[in-house]
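Structure record follows, encoded as structure tokens.
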Protein chains: 2
Amino acid sequence: MSMDARKFRILQAIIDDYILTAIPVGSRTISKKYEMGLSSATIRNEMSDLEELGYLDQPHVSAGRIPSAKAYRLYVDQLLRAGKIHTDDAASLREHFTRRTGKMEDVINRAAQVLSSLTHYTSLVMSPKGGDMTIRNLQLVPVTQNSALLVIVTDSGIVRDAVIHVDSDLDADALYAISGMLTQRLTSHTLAEAQHVIRAMTREFAEKRAMLSGISELVSEVESQQTQSKLAFGGTSNILSFPEYSDVEKARGFLSLLESKDTLLRLLEQHQNVAFTVRIGPETGVPELRDCSLVTATYTIGDHTQGTIGVIGPTRMQYGRVLGVLSAMGEQLTRLFAADKE
Amino acid sequence: MSMDARKFRILQAIIDDYILTAIPVGSRTISKKYEMGLSSATIRNEMSDLEELGYLDQPHVSAGRIPSAKAYRLYVDQLLRAGKIHTDDAASLREHFTRRTGKMEDVINRAAQVLSSLTHYTSLVMSPKGGDMTIRNLQLVPVTQNSALLVIVTDSGIVRDAVIHVDSDLDADALYAISGMLTQRLTSHTLAEAQHVIRAMTREFAEKRAMLSGISELVSEVESQQTQSKLAFGGTSNILSFPEYSDVEKARGFLSLLESKDTLLRLLEQHQNVAFTVRIGPETGVPELRDCSLVTATYTIGDHTQGTIGVIGPTRMQYGRVLGVLSAMGEQLTRLFAADKE
DNA sequence: TGTTAGCACTCGTTTAACGTGAGTGCTAAC
DNA sequence: GTTAGCACTCACGTTAAACGAGTGCTAACA
């Protein structure tokens, strides 16, 4: 016995129904609601087969069937293969991004907001790693006598900054001069490379060593601060509207997971080079997400720097729709950052 | 019949017990657990009086009593009057703030984190309004051809920034020159005043009008962006660990309230000139917070600019402890910003 | 006059029993 | 291969009964 076209059609109907209702699907429901010219008894036989094949689970003997992770996997692969990702939302998405801003944080927060309100799931938006970004421009702004704000503008018009410690009493003009010099040297290097360049400079200008070493130290500080990507959430409370999270303990586990951020960052950083990722329940490898699916997509800043956006919802997620929204949002972000460039 | 010392002692015992256990307190519990040399019957009479006075509620006739909002109010007023705010946590708090940073956002995020982990409630940390802060220094950093980052350093070493649109093609040097001029004119004015000053300048330098008007427009943009205080949360999932929020719908309402932020901002902005605020249940005026209390304290940046920190938990909150932690944190933040100043 | 023991009463909670119905698996006939 | 029929299972909702925590009231006591 193996999977044939009819079994697949039935399985699809079961998944569709379960995604909609969250209640186990019975044979009668399929035979009547999704008229496929078969009696419930026939469906029953097929369902029995599908269970044996591992696509369906039965909560208890007198209940209907629910799709297994394996079933969702098949369903999603089918979706992806068919390229059935409808970007209907592209238009409505665009209008959310009329106000321009170059601040990474604002952009990802807004994007997360929009994503969650469109999907009604919890959304994640991750900024690209700072280390990969190419420096276009760099400037030190005096803050206090001992500290300055190091502003780094990247290739694609994204601003990153950090307050750093400055030993000597440098006035605004001195800092501006240094900024000019540093910009000249560091332009078109990545943040990760900046360290080495500065170290080379230190050797070159022995006399200015003291000052440069201070700056080198602090560029490294900036780098380490910026290396970890920022993560923004949207619709964190949405998960509570799904019956699979009506158990408060489960909901708390989920929300705690969001709060700590690092597990999710690790998840999002995997497979960053594929356009879409769908991880279903156990595939995430995170116990708290046993009943969740994580769908991600990427967007591009400049030529190769990539950021990730994603949606977390119950495994019975509206994959088609979510993939569509993510795809549209990815394009939108890519376009947004590209536009900022010129 | 009125409130005497014994009634008050009994009420206090009831509140203490209810805060600990969250189950209605019976007369026997008080007479045995908090031995006050009285039989349960006597306690019963007193409790009946306390109910009549409005300090106790009875969920149903065969259950114990629970404190009313009025009771908590009395309890808290007593706490505040006695000045019994123990800052035991001051020391453990200090070590959380060794790393210095001038970025407002980092500070308030970290503070929220610490607050929630110490109290096990949900914490709020609000940055002061930007408009009230005095400008020390101001600098434009080129980002793209059409945009620049306007960095504003305030009196107390706090950095605020925003990406603004620049019409003409100004190079780095031109922007730096403008920055110098603006700094000279705007130093020791508040952000709110900056608008007027710039408008005056526009009249003065008719020839540079085009450029200045552009900047004026954008300082106002910055101001409006910064006028709304930033709000950081900590421990948002903590609320789910209390039995009063075991109802998922209620929990969802609470979390949605956090997500939208504006209601809370409004609450936090009230009574900003008092050291402590305790709003109990209905006193908040927010339906979603009917069973919650909001405790706030303030911290100071510079001379008069104030920020607010707060904790939200069930009405049966450990008020003494929370007030202590908030007080310590307020001092800590005030000290942190003061240190950054010199 | 305040305190306490005693007792009837209330009412939410728990447990068990029971009927209901959705859904299945199997068999036999088409 | 499909389907009608039927016995069977089992979660779920309802009802009833026992339970017990806690109260209010009364009467006696110090």
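Each chain gets a letter, A, B and so on, in the order its sequence line appears, and its residues count up from 1. Atom set for the values below is all heavy atoms of this structure, side chains included, hydrogens, waters and symmetry mates excluded.
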Any residue of residues 58-72 of chain A with a heavy atom less than 4.0 Å from an atom of DNA chain D: A:H60, A:V61, A:S62
Using whole Å, report how far CD1 of B:I43 lies from C1' of C:dT4. 12 Å
No-hydrogen, no-angle side-chain donor-acceptor test under 3.5 Å, A:S40 and A:S31: no
In whole Å, what is the span from the CG atom of B:L50 to the C1' atom of D:dG24? 16 Å
Donor-acceptor pair, side chain of B:T122 and main chain of B:G235, under 3.5 angstrom: yes
Pick the nucleotide of DNA chain C nearest each of B:T42 and A:R28; which residue has the one closer to the 5' end? B:T42
Atom CD1 of A:I23 to atom P of C:dA22: distance rounded to whole Å? 11 Å
Output the rounded distance in Å from CD1 (A:I10) to P (D:dT2). 9 Å
Report which part of the nucleic acid B:S27 touches: base, sugar-phosphate, or nothing (heavy-atom distance under 4.0 Å, all strands). sugar-phosphate
d(CD, A:E51; C1', C:dG23) in whole Å: 13 Å
Whole Å only: how far is the CG atom of B:D49 from the C1' atom of C:dT3? 14 Å
5' to 3', nucleotides 25-30 of chain D under a 4.0 Å protein heavy-atom cut-off (B base, S sugar-phosphate only, - none) gives B-----
Step by step, would you call B:T42 with B:R6 a side chain to side chain contact (heavy atoms under 4.5 Å, CB included)? CA-CA 11 Å; B:T42 310; B:R6 193 175 73 175; 3.8 Å; yes
Mind calculating the distance between CD (A:E46) and P (C:dG25) to the nearest angstrom? 13 Å
To the nearest angstrom, how far is B:D57 atom CG from D:dT23 atom P? 14 Å
Look at the aromatic rings of A:Y319 and A:Y72 and report parallel, tilted or perpendicular, splitting at 30° and 60°. tilted
Sort out for me which residue in B:R28, B:R316, B:K33 forms a salt bridge (charged side-chain N to carboxylate O under 4.0 Å, His left out) with B:D17. B:K33
Distance in Å, B:R65 CZ paired with B:R44 CZ, rounded so as to fall on 0.5 Å steps: 9.5 Å
What I want to find out is whether A:E269 reaches A:R266 closely enough, with some N-O distance under 4.0 Å, to be called a salt bridge. no
Distance from B:L264 atom CG to B:L289 atom CG, nearest 0.5 Å? 6.5 Å
Side chains of A:I30 and A:E46 in contact at under 4.5 Å (non-hydrogen atoms): no
Rounded to the nearest 0.5 Å, what separation is found between the CZ atom of A:R9 and the CG atom of A:D4? 10.0 Å
Scan B:F233, B:Y245, B:F242 and name whichever one has a ring-ring contact (aromatic ring centres under 6.0 Å, His included) with B:Y121. B:F242
Annotated structure of DNA chain C as dot-bracket, pair cut-off 3.5 Å, Watson-Crick or G-U only, | for inter-strand, is ||||||||||||||||||||||||||||||
